[in-house]
Amino acid sequence: MADFNFGKIEKKWQKRWADEKTFYVSEDSKKKKFYSLEMFPYPSGYGLHMGHALNYTIGDIIARYKIMQGYNVLHPIGFDALGLPAENAAIKEGTHPQDYTRNSIKNFVMQQKRLGLTYDWARVVDTSDPSYYKWDQWLFLKMLEAGLAYQKESLVNWCPECKTVLANEQVVDGKCWRHEKTSVESKYLKQWFFKLTNYADELLDNLDNMNWPETTKQMQKHWIGKSYGTEIDFEVDGKKWPVFTTRPDTIYGVTFVVISPYHKELKRLVTAEHKTEVDNFLKKLKSVSEKDLIELEKEGAFTGSYALNPINHEKVPIYIGNFVVADYGSGMVMAVPAHDKRDYEFAKKYDIPMKIVIDPVDFELDDRSLTEAYTGEGTLINSEKFNGMENEKAKEEVTNFLKEKGLGKKSVQFRLKDWGISRQRYWGTPIPIIHCEKCGVVPVNYEDLPIKLPKDVKFGEGNPLLTNEKWINVKCPRCMGKAKRETDTMDTFVNSSWYFLRYADPNNDKEIFDKKKVLYWCPTDVYIGGAEHACMHLIYSRYYVKFLRDIELVNFDEPALRLFHQGMLHGEDGDKMSKSKGNVVNPLDTIEKYGADSLRLFLVSVASPDKDFDWSEKGIQGSFRFIRKVYDFFMNTKTGKTPLEIEIKLNKSIKDIGEYIENFDYRKATIELRELFEEMSKGNELGKKVLEDFLKLLAPFCPHTAEELWEKLGGKGLVSTSSWPEFKEIELSKGTGINMNEKVIENVLPLMKRLEDRGEKISKVHLYVLPFEIGELDKKKLEKGLGKEVFIYSVKDSMKLDPEDRAKKAKPGMPGIWFE
RNA sequence: GUGGGUGUGCCGGAGUGGUCAAACGGGACAGACUCAAAAUCUGUUGGUUCAUCCUUACCUAGGUUCGAAUCCUAGCACCCACACCA
C-alpha cells in the first residue's frame with residue numbers, strides 16, 4: 001500500500017492555491033457570477049468549533065462546484081468582530097478587546113486555511129476596523145436623514161449581567177440570550193431606534209416569493225405578526241383611551257378593562273385609595289420575573305378607575321394585569337372573560353362577572369356553569385341590535401357602527417417593533433451624534449467620519465466610554481460650543497446587516513462600495529448559516545437592503561436568493577458539544593489526525609447537512625478509509641480501456657452528483673461517489689478520461705487528495721479549476737434500457753398471473769413508454785415472453801388506447817401497463 | 001396553545017406506488033493475510049432453505065389499489081421553533 005501522507009499533501013496544495021491566488025476573483029462581465037456566502041463568524045478566543053467547519057465546508061463545496069462549472073465565484077470570509085463577548089472576555093482576562101479580537105482573528109484565519117477553503121483572502125472584512133464601521137456610521141446618518149433613525153424614551157430590556165440594553169430578539173423567555181439564568185429587567189431609557197416597522201409590510205409580503213426554507217419564512221411571518229382588528233375608544237373621565245381588539249364582535253361582553261403595568265400613563269388611572277395596592281403589585285412583579293414566564297399566573301390589581309364602554313355606556317372597572325404587553329396595540333385591552341382564555345382566568349381569580357355574548361350553534365352556554373372561555377364561532381346574543389348576527393359578520397358591522405359614531409376604527413397591528421440599537425458598552429460602533437448644550441442632538445459631519453473608538457478607557461461597571469473625558473468632550477459642529485459625544489454604541493447586529501455587500505468592494509475608502517461592483521456580485525446566490533438567525537440577523541439584513549435600495553445604492557430587494565440552514569452538530573454522546581460536558585471535538589485536532597479531506601467528507605456524509613447529527617469517531621474513520629482507498633487505487637491503477645458499464649455508471653454519477661450538490665444533498669452525492677468508486681475499483685483497467693472525471697467529482701469534497709492524484713495522473717493545471725465533466729444524454733437511456741424487455745416481462749408476468757387467478761381474462765397487454773425509451777422495447781420479444789398480444793405506445797402519443805389513464809404511471813425503466 | 005417536522009432493519013440513515021428483505025456508512029459475525037494483533041481484503045448479517053418457493057417485516061389501526069415503506073383517514077410517540085400580541 002502506498003504511503004498516504006495527507007498532511008504533506010494538504011500543505012503542498014494549500015500553498016500552491018495561495019501562491020497562485022487561485023481563488024481570488026474580480027468582476028468579469030463576460031462570465032456569469034456566483035456568490036456563495038457563509039455567515040461570518042464571531043471571532044471568539046476559543047477558535048474554530050466544529051459547527052464553523054461544517055458551515056464553511058457546505059459553502060465551499062458548492063463554491064468549488066460552481067467554479068468548475070465555469071462561474072466567476074465570489075466566496076469571501078470576514079469577522080463579526082465587535083460585540084459584548086469580546087468585551088466580557090477582555091475584562092475577564094485583563095486584556096483590551098482590540099488585542100483580544102486581533103489575536104482571535106489571527107487564530108481563526110490560521111484554522112480556516114487548514115480546511116482548504118476557496119476564500120478570496122484579499123476581501124476579508126473586519127467589522128472592528130474603523131475602515132468598516134465608518135460606513136456603519138455613514139449609514140446611520142443616512143437613516144437619520146431619511147427619518148428612519150430616531151431617539152425615544154422607551155422601555156428597554158436591561159440585562160444586569162451585561163449591564164446593557166438588549167433587543168427584543170435577544171430576550172429569550174424573559175432571560176438574557178447570553179445568560180440563561182439572568183432575568184431581564186424593564187427600564188425606561190433614552191435610546192436610538194431604527195424604524196423597522198416602516199418596512200413591516202414589505203418584509204412580510206416579500207416572503208411569499210422567496211426561495212428560503214419554509215420554516216424560516218414562517219418564523220419571520222410570526223415575528224412580524226400582522227393582525228387585523230379594531231381600535232375602540234373607551235372613555236375615562238372624559239378622556240379617550242383606545243384599545244385594540246381582534247374581537248369587536250364581543251364588545252357587549254366586556255366586563256372590565258386591563259392595562260399593562262408598564263403603561264406610561266398608568267399613574268393617571270390609579271386612585272388614591274388604590275395606590276398602595278397597585279404599588280405592592282408592581283413591586284411583586286419585579287420579584288416574580290424570576291419565574292418562568294410560561295408558568296406565570298395571571299395577576300393584577302384594581303386601579304380604582306372605571307372606563308365607559310362606548311357601545312352600551314356600561315361602566316367597567318380598570319385593572320392592571322401582568323399579561324398585558326405594554327408596547328403592543330395601546331398597552332390596554334378590553335376584557336371579555338366569557339370568550340377569551342386569558343380574560344377568563346383573570347376574571348375567575350378576581351371574581352369579576354362574565355357575560356356571554358356569543359351563542360355556539362350546537363350547544364348551550366350558561367354563565368354560571370362556564371368552565372372555560374368559549375372562543376369559537378356563533379351568533380350574537382345580549383348585544384342589542386346585533387343579536388342573531390353571525391359573529392364573523394358582526395366583527396365588520398360593529399366596527400362600521402363604531403366608525404360612524406367616531407368611537408373606533410379598523411386597525412392593523414404588528415408584533416414587529418422598531419429596532420433598538422443603543423448599547424451602553426464599549427466594543428461597538430460609536431453612534432455619530434453629538435449632544436450640544438444649545439443645539440441639542442447634532443449629527444456628526446460626514447467628513448468627520450469615522451468616529452473611532454478611543455483605545456484608552458477603563459473597564460468595570462457600566463459604559464467604559466464614559467471614562468475617557470477627552471473623547472467625550474467635543475465642540476458642537478453647529479455652534480462650536482460645548483458639547484458631548486453620544487456614548488451609546490450600536491448593536492453588533494448593525495455591523496452584520498450589510499457586510500455581504502462590502503465583500504464586493506472591501507477596501508473602498510471613498511464610498512461605502514462601488515455600486516457597479518455590488519450590482520455585479522450581489523445579491524448572494526446562496527447564504528449558509530444556522531437557523532438561530534431566522535428572526536434577528538435575517539430580518540435586519542433584509543431591512544438594510546430595502547433601505548439601501550430606497551437610497552438607490554442597490555437595485556434588488558432581498559439580500560440572498562437562497563438560504564440554507566445547516567443542522568446542529570452534537571457530541572458523540574448526542575448532547576450539545578460543550579466544554580463542561582467534555583464532548584467537544586476540535587476541528588484542528590481532527591485535521592491533524594485524519595486530514596482536512598476526511599473531515600470535510602465526514603461532515604457532509606453522515607446526514608443531510610440541514611439535519612442535526614452526532615459526531616462519530618467511527619464515522620470519520622470510515623471517511624478516512626475511503627479516501628485512502630481512493631488514493632491507493634489511483635497510485636496503483638494502470639490506464640487502459642474503460643468497460644461500458646463503468647462509462648454508463650460514471651455518466652449517471654456526473655448528472656446525479658451535480659444535481660445533489662445544487663440541492664445541498666451532499667450526503668447522497670458522497671454515496672454516489674462511493675458507489676462509483678466501488679464499480680471502478682472492481683476491474684483493473686480504466687481509461688484516463690474516466691479516472692480524471694472521477695477526480696473532478698471528488699474535488700469539491702476532497703480537494704487536496706483530488707489535486708494530488710490529478711497531478712500524478714498528469715492532468716492539466718489544477719483539478720480545482722478544471723471543468724465539471726459533461727453529462728451525455730444518450731448514454732443514460734442506454735443504461736436503463738439494457739435489459740428493459742426482460743425487466744418488463746419479469747414484472748408483468750406475476751401481475752398478470754394474479755389477475756388471471758382471480759378469474760379475469762386477458763388477451764392484450766398495452767404498454768405506455770417514456771418517449772426516449774420507445775426504441776428499447778421489442779414487441780416480438782415481449783409477446784413471446786408474455787404469451788399475449790402486446791401494444792406499445794409512447795406516453796405522449798395522443799392516439800394511444802388508454803381508457804384507465806395508465807400512461808401517467810410510466811417511469812424510466814418501467815412502462816405504464818393496462819390489460820385488456 | 002400555535003406553527004413546522006419526524007417515526008424504516010443492531011445503530012446512523014436512504015428510499016414517494018411495481019426493479020424492496022430495503023441504498024450507503026457504522027457495528028457484529030466468518031474467512032484470507034499474520035507467530036499474533038492492528039490495518040487491509042473477501043463474504044455473511046429477518047426466518048426457513050443447497051437453491052427456488054414460501055413466510056414475517058418499514059410506529060399502530062383501518063382504507064384506496066391488481067400491487068404500499070411509499071397515497072388517504074384516525075391514533076400514538078418523539079423533535080424543533082414561537083409563545084400571555086388582545
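Proteins get letters first, then strands, A, B, ... in listed order; numbering begins at 1 in each.
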ask   = Which value, in whole Å, describes the distance between the P atoms of nucleotides B:G47 and B:A23?
value = 15 Å
ask   = For the pair made of CD1 in A:I224 and C1' in B:A81, what is the distance, rounded to whole Å?
value = 16 Å
note = Sorted by chain and residue number, the side chain to side chain contact (heavy atoms under 4.5 Å, CB included) partners of A:N211 (sequence neighbours excluded) come out as A:R562
Full working for side-chain hydrogen bond (donor to acceptor under 3.5 Å, both in side chains) between A:Q413 and A:S227 = CA-CA 5 Å; A:Q413 288 292 323; A:S227 61; over 6 Å; no
inquiry  = Tell me whether the side-chain N/O atoms of A:S227 come closer than 4.0 Å to OP1 or OP2 in B:A86.
reply    = yes
query = Can you tell which of B:A86, B:A81, B:A83 lies closest to the side chain of A:M219?
reply = B:A81
task = Between B:G46 and B:A61, how far apart are the C1' atoms? Round to whole Å, please.
result = 23 Å
query = Out of B:C82, B:A86, B:U40, which has the shortest distance to the side chain of A:R628?
reply = B:U40
query = Can you check the A:L416 CG to B:C82 P distance for me, whole Å?
reply = 16 Å
key: Nearest-Å distance once atom C1' is located in both B:U6 and B:G13   = 13 Å
inquiry  = Tell me every residue that passes ring-ring contact (aromatic ring centres under 6.0 Å, His included) with A:F664, counting only those two or more places apart in sequence or in another chain.
reply    = A:F564, A:Y666
key: B:C24 - base-pair partner by Watson-Crick or wobble geometry, distances under 3.5 Å   = B:G12
Partners meeting ring-ring contact (aromatic ring centres under 6.0 Å, His included) with A:H565 (sequence neighbours left out) = none
Separation of atom NZ in A:K217 from atom C1' in B:C82, rounded to whole Å = 18 Å
message = Just to be sure I understand the rule, does A:K668 reach a base, reach only the sugar-phosphate, or reach nothing, if contact means heavy atoms closer than 4.0 Å?
response = sugar-phosphate
message = What's the gap between B:C59 and B:A77 when it is taken at their C1' atoms, as a whole Å value?
response = 8 Å
ask   = Mind checking who B:U40 pairs with, Watson-Crick or G-U wobble, both distances under 3.5 Å?
value = B:A32
request  = Go ahead and name the base partner of B:U52; Watson-Crick or wobble counts if both distances stay under 3.5 Å, otherwise write none.
outcome  = none
note = Nearest-nucleotide check on RNA chain B, A:Q218 vs A:T245; residue mapping nearer the 5' end is A:Q218
request  = Assign the ring pair A:F624 / A:F4 to parallel, tilted or perpendicular, where the plane angle (0 to 90°) is split at 30° and 60°.
outcome  = tilted
request  = Using atom CG of A:N663 as one end and atom P of B:G15 as the other, report the distance to the nearest whole Å.
outcome  = 12 Å
inquiry  = In whole Å, I'd like the distance from the CZ atom of A:F256 to the P atom of B:A86.
reply    = 16 Å
message = If the condition is ring-ring contact (aromatic ring centres under 6.0 Å, His included), which residues does A:F634 pass it with, not counting sequence neighbours?
response = A:F694
ask   = Can you tell me how far P in B:C33 sits from the matching atom in B:A37, rounded to whole Å?
value = 12 Å
ask   = Which base sits across from B:A57 as a Watson-Crick or G-U pair, both distances under 3.5 Å?
value = none
query = What about the rings of A:F677 and A:F633, do their centers lie closer together than 6.0 Å?
reply = yes
ask   = Who are the ring-ring contact (aromatic ring centres under 6.0 Å, His included) partners of A:F323, not counting sequence neighbours?
value = A:F346
Inter-nucleotide P distance (B:C80, B:U19), Å rounded = 37 Å
B:G18 and B:U73, which share atom name C1', separated by this distance in whole Å = 24 Å
ask   = Which base, if any, makes a Watson-Crick or G-U wobble pair with B:C78, both distances under 3.5 Å?
value = B:G5
key: Given RNA chain B, 5'-ward residue of the pair A:R247 and A:K341, judged by closest heavy atom   = A:K341
ask   = Would you find more than 12 non-hydrogen atoms of other residues, nucleotides or ligands less than 6.0 Å from A:K217 atom NZ?
value = yes
task = Let me know the distance between CD1 of A:I251 and P of B:A86, rounded to the nearest Å.
result = 16 Å
ask   = At under 4.0 Å between heavy atoms, what does A:V243 touch on the DNA or RNA strands: base, sugar-phosphate, or nothing?
value = nothing
ask   = Say you pick atom C1' in B:A14 and the same atom in B:G7; how far apart are they, in whole Å?
value = 15 Å
Name the pairs: protein N/O against N/O of nucleotides 24-26 of chain B, kept only if under 3.5 Å.
unit_1	atom_1	unit_2	atom_2	d
B:G26	OP1	A:R625	NH2	2.8

key: A:R415 CZ to B:G3 P, straight-line distance once rounded to whole Å   = 15 Å
ask   = Using purine N1 to pyrimidine N3 plus N6-O4 or O6-N4 for Watson-Crick, or N1-O2 and O6-N3 for G-U wobble, each under 3.5 Å, what pairs with B:A69?
value = none
message = Rounded to whole Å, how long is the line connecting atom NZ of A:K298 with atom P of B:G1?
response = 15 Å
